Amino acid sequence: LEATLGLNPASEADQQTACRLRPGFGQLLETFGVDADGSEEEDDQDDEESETDVEGIEETDGEVSEGEEQELDDHRVGRTEVGSVKTAEEEADDESGEADVDEDESEPGEKDGEPGPPPMEDLDYYPGFWVDPPVSLGDSSGAKDSKAEELEETVREFFALPELPRCEAHRRRVGGLKEQVHSAIAASDVWRRCKLWPTMHKRFEEFLRKEQLNVGPQEGALFLFLHAYLDVAFPQQTHSNAKLVRAMCMLHIVSHTLKATREVLRNTDSSKAASATGTSVEAAQDQGFTRARVLVLCPFKSVAYELIKMFLAFCPCKKVVANRHRYEMEYGPDEADESKECKWPSWRKHLFGGNNDDNFRIGLAVTRSSVKLYSPFSSSDVLFASPLGLRQITGAKGESKREFDFLSSIEVCLIDRADVLRMQNWEHVQEVMDVVNEKPRSLLNMDISRLRPEFADGQARSFRQTIVTSAGQCMDADILFHRAFDANDGRNQSDGDGSLAARLRSGGRKRKHWKLGHKIDEEEDDAGMHAELPLGLLSKTQAPQSKQQSRRGFVKLLATFDGGPLRHATALGMAKQFFLHTPCTALQDQTDQLFSTFQSRYWKPLGSGLERLLIVCNSYFSFLRLRRFFREEGASFCTAFEYSKGGELYRARRLFVSGERRVLLVTERFLWHRMIKLKGADYVLFYGCPASPEVYEEVLENVRTPSSCNSMCLFARSDAFALEAIVGRERACRMLTSDPGKVFIFS
């Protein structure tokens with residue numbers, strides 16, 4: 001071992017001592033059964049365990065050479081023999097590989113041993129990624145005094161940027177960044193002044209020219225705050241700017257991946273050179289527990305297909321792309337009926353066009369001259385997955401078969417279109433995020449001497465950059481940035497067996513076999529009718545014992561909503577649109593107070609006598625409660641929800657349109673997912689403000705006679721984000737600050 005490592009006994013002992021004295025390493029070693037002197041405890045069971053890859057890899061069809069395959073496996077130092085002597089064949093492979101590298105893709109200052117030209121970029125925040133306390137962004141100089149350091153823990157700043165008048169920053173001062181985007185022109189071109197990987201500026205310009213895109217002030221400001229490694233919430237992603245927003249996110253991810261990989265490879269080369277000359281050097285602390293450093297959660301395969309295409313377009317190391325044909329076949333657009341898609345509105349065509357499968361996961365590995373798709377998660381640099389596909393591996397708390405060690409070293413996490421993920425199942429997102437940056441259960445195939453102290457101390461979650469994009473704001477997405485974690489295992493301890501969240505989850509286990517029969521309906525009603533709060537809010541009902549504060553700082557980039565859905569419905573000729581302010585003294589009482597308002601202010605005096613009444617519930621549990629109420633009242637109604645079968649749905653629509661049933665009760669998720677236009681309504685009630693403003697517009701577009709149709713929307717203070725997206729900011733402020741019980745009329 002000494003000869004292999006090129007170290008004498010004295011230097012090796014010094015390194016072991018230094019390793020044990022690093023903060024957190026002693027406790028970490030004891031966790032995995034390693035004594036203070038470096039010896040491992042005997043465990044027959046561990047000896048029998050072997051490393052298994054989460055995702056298998058197919059044949060590369062001759063696209064990747066054996067040398068590149070070995071380079072992919074030996075990327076991490078823990079799997080490489082440092083200082084080993086190369087054979088003549090390996091040296092020949094290295095020389096041939098170097099000859100294939102384009103001149104414009106070589107690193108500056110490394111061509112023929114001559115220093116390259118000074119870079120034109122001047123904004124580089126990657127060197128301060130692991131600095132604690134973080135480098136100040138308060139001014140352009142980056143200076144920081146002790147007083148400013150104390151204040152940044154509680155700082156909260158509101159500011160305006162071009163086309164983003166409602167921005168806010170938490171826990172970090174961002175005055176220096178605001179100077180870079182002081183005008184619309186400066187914000188649009190700020191990405192040119194950011195230091196990226198060599199040739200990436202050129203590749204990004206080619207991408208913009210090919211796709212006929214122009215970077216605007218919103219997208220430019222987004223990239224600057226991403227480049228500064230702040231936690232960023234960007235609720236301005238719509239179908240019109242989605243491609244450009246995703247391009248900015250992938251530009252940042254590719255640059256971070258290549259910079260981090262270069263740091264590891266350079267330190268490895270330095271260690272090899274020192275070992276060859278017999279010089280002992282201290283091991284660089286530049287790695288995590290596992291190789292994967294970026295996680296991208298997205299809703300559909302079509303989104304992952306677009307993001308991976310952007311990654312390959314921006315990455316200079318893609319001379320060879322392994323498994324590309326399989327990727328095109330599995331993630332490319334489906335041969336769908338174009339005549340059906342052409343009838344969809346633009347926002348729906350953008351979301352559901354292409355391959356809308358929501359169960360997938362794929363790893364991507366980057367080497368010096370190739371990119372490998374479908375790489376095993378243990379050998380991947382970037383992971384693309386849906387919450388559902390990833391949760392099938394990570395499992396849930398209490399399950400015996402779980403695997404999440406490959407998520408222990410995530411440095412950047414992107415959540416694309418959080419509003420769409422919320423319509424699918426937000427619980428999957430929460431369960432996945434709970435295990436990201438968890439300490440692994442084994443230290444297999446890693447060099448602990450190169451482990452960063454932040455990972456050993458269990459502080460990786462505090463240094464992770466989290467990025468959330470969405471169309472509009474929602475509390476569940478915001479809570480991802482503000483959640484408090486238990487310092488021991490990173491999990492929130494409020495979801496006990498008797499908590500409301502636990503009852504909610506237990507009530508959703510039997511949805512696969514639901515029918516319209518009364519027996520099964522009543523069983524599900526008992527399990528879930530009293531649980532309606534967002535899952536993120538449920539996790540905060542009890543205070544955790546200890547907190548882990550983020551080192552990144554948090555920034556929200558927000559524009560002003562102008563009330564487009566309300567104006568559109570008015571332009572259709574709607575007679576009157578009513579909005580009733582329901583009381584909400586506490587979040588846990590919101591469900592009961594909403595139902596009480598519905599009974600006393602709408603159903604008894606008005607709704608019970610209406611014909612052709614369409615009721616849209618903003619949650620499934622509200623739907624369960626109203627359905628039970630109508631059965632007890634003996635009302636004439638029919639239902640349609642996301643789990644309805646085709647025949648049941650056809651029968652309900654026929655009964656409502658023909659007038660045989662006076663009330664049609666539906667859920668917002670049903671209208672959003674099933675893409676069905678419900679016609680024949682003369683009156684509309686929104687039981688809770690719909691989270692998707694597009695649903696509000698589509699429902700009112702399909703009423704029978706707009707000029708004689710009245711709609712009513714019940715809203716509470718907790719519906720502030722959804723209400724603002726429908727009526728606009730100014731109206732929402734007046735409505736939310738009014739006395740409970742007040743009615744607002746728009747015509």
Side-chain angles (χ1 to χ4, degrees), residues 28 32 50-57 60 64 68-82 126 129-130 197 253-269 271 283-297 308 311 315 317-318 321-323 361-385 390 393-394 403-414 432 435-456 460-461 463-465:
L28 178 67
F32 290 96
S50 60
E51 180 184 11
T52 57
D53 294 329
V54 178
E55 283 288 338
I57 181 170
T60 59
V64 179
E68 291 168 344
E69 182 77 20
Q70 183 66 26
E71 178 188 355
L72 175 66
D73 296 335
D74 295 345
H75 174 75
R76 295 183 53 82
V77 178
R79 304 174 189 173
T80 308
E81 293 184 356
V82 181
Y126 175 77
F129 184 86
W130 297 102
W197 185 266
I253 287 176
V254 173
S255 179
H256 175 79
T257 302
L258 296 180
K259 288 179 180 179
T261 303
R262 175 176 58 182
E263 180 182 2
V264 174
L265 293 177
R266 282 182 172 177
N267 293 332
T268 302
D269 294 340
S271 178
Q285 304 174 29
D286 56 1
Q287 297 181 6
F289 293 107
T290 56
R291 179 171 172 176
R293 63 179 77 251
V294 178
L295 172 64
V296 180
L297 295 178
I308 295 176
F311 189 100
C315 184
C317 309
K318 65 173 185 62
V321 179
N323 296 325
R361 52 189 177 272
I362 180 174
L364 186 148
V366 180
T367 65
R368 295 181 189 268
S369 60
S370 66
V371 175
K372 179 176 288 188
L373 302 174
Y374 294 94
S375 59
F377 280 5
S378 59
S379 304
S380 300
D381 294 290
V382 185
L383 308 177
F384 296 86
L390 200 56
I393 300 176
T394 61
E403 176 59 40
F404 49 80
D405 286 358
F406 58 90
L407 297 175
S408 60
S409 303
I410 296 298
E411 299 171 1
V412 178
C413 179
L414 169 63
V432 169
V435 298
V436 174
N437 295 122
E438 285 268 304
K439 284 186 179 180
R441 292 174 292 184
S442 65
L443 295 178
L444 190 63
N445 293 330
M446 67 162 295
D447 185 357
I448 196 172
S449 65
R450 296 187 64 172
L451 182 67
R452 291 188 183 273
E454 294 80 8
F455 290 101
R461 184 177 276 110
F463 288 88
R464 182 190 70 216
Q465 182 188 26

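Counting from 1, the numbers follow the sequence of the chain as shown. Please read these numbers as outputs of a predicted model, since none were measured by experiment.
With a 4.5 Å cut-off on side-chain heavy atoms, Phe404 and Ile393 do not count as touching. Between Val366 and Phe311, the closest side-chain pair of non-hydrogen atoms falls below 4.5 Å. By the 4.5 Å heavy-atom criterion applied to side chains, Cys413 and Val436 are not counted as neighbours. Between Leu364 and Phe384 the shortest side-chain heavy-atom distance falls below 4.5 Å. Contact of the Leu383 side chain with the Leu390 side chain is not registered, since no non-hydrogen atoms from C-beta on lie closer than 4.5 Å. Taking the side chain as every heavy atom from C-beta outward, Glu263 and Asn267 approach each other to under 4.5 Å.
Here Leu407 contributes atom CG and Thr394 contributes atom OG1; the two are 7.0 Å apart, rounded to the nearest 0.5 Å. Atom OH of Tyr126 and atom CZ of Arg262 lie 8.5 Å apart (nearest 0.5 Å). In this structure, CZ on Arg368 lies 9.5 Å from SG on Cys317, to the nearest 0.5 angstrom. Here CZ of Arg464 is found 11.5 Å from CD of Glu411. Values are rounded to the nearest 0.5 Å. Residue Ile362 holds its CD1 atom at 5.0 Å from CG of Leu373, rounded to the nearest 0.5 Å. The distance from atom CG of Leu295 to atom CZ of Arg293, rounded to the nearest 0.5 Å, is 13.5 Å.
Nearest heavy-atom pair, Leu451 versus Ala456, reported as atom, atom and distance to 0.1 Å: CD2-CB, 4.1 Å. Residues Ala283 and Arg450 come closest through the heavy atom pair CB-CG, 4.0 Å. Across every non-hydrogen atom of Ala460 and Asn437, the tightest pair is CB-ND2, 3.7 Å. When all heavy atoms of Ser408 and Pro440 are compared, the pair lying nearest together is CB-CD, 3.8 Å. Scanning both residues, Leu414 and Ile253, for their nearest heavy atoms gives CD2-CD1, 4.0 Å.
Applying the salt bridge (charged side-chain N to carboxylate O under 4.0 Å, His left out) test to Glu454 and every residue at least two apart in sequence or in another chain returns nothing. For Phe463, the ring pair (Phe, Tyr, Trp, His ring centres under 6.0 Å) criterion is met by Trp130, not counting sequence neighbours. Contacts of Ser380 classified as side-chain hydrogen bond (donor to acceptor under 3.5 Å, both in side chains), with partners at least two apart in sequence or in another chain: Ser375.
Without hydrogens or angle criteria, Thr268 side chain to Val264 main chain gives a donor-acceptor distance under 3.5 Å. Of the possible polar contacts, one joining the Ser409 side chain to the Thr290 backbone as a donor-acceptor pair under 3.5 Å is found. In this structure, Asp381 contributes its side chain and Val294 its backbone to no donor-acceptor pair below 3.5 Å.
A side chain to side chain contact (heavy atoms under 4.5 Å, CB included) with Phe377 is found for one member of Glu403, Arg361, Arg291 and no other, namely Arg361.
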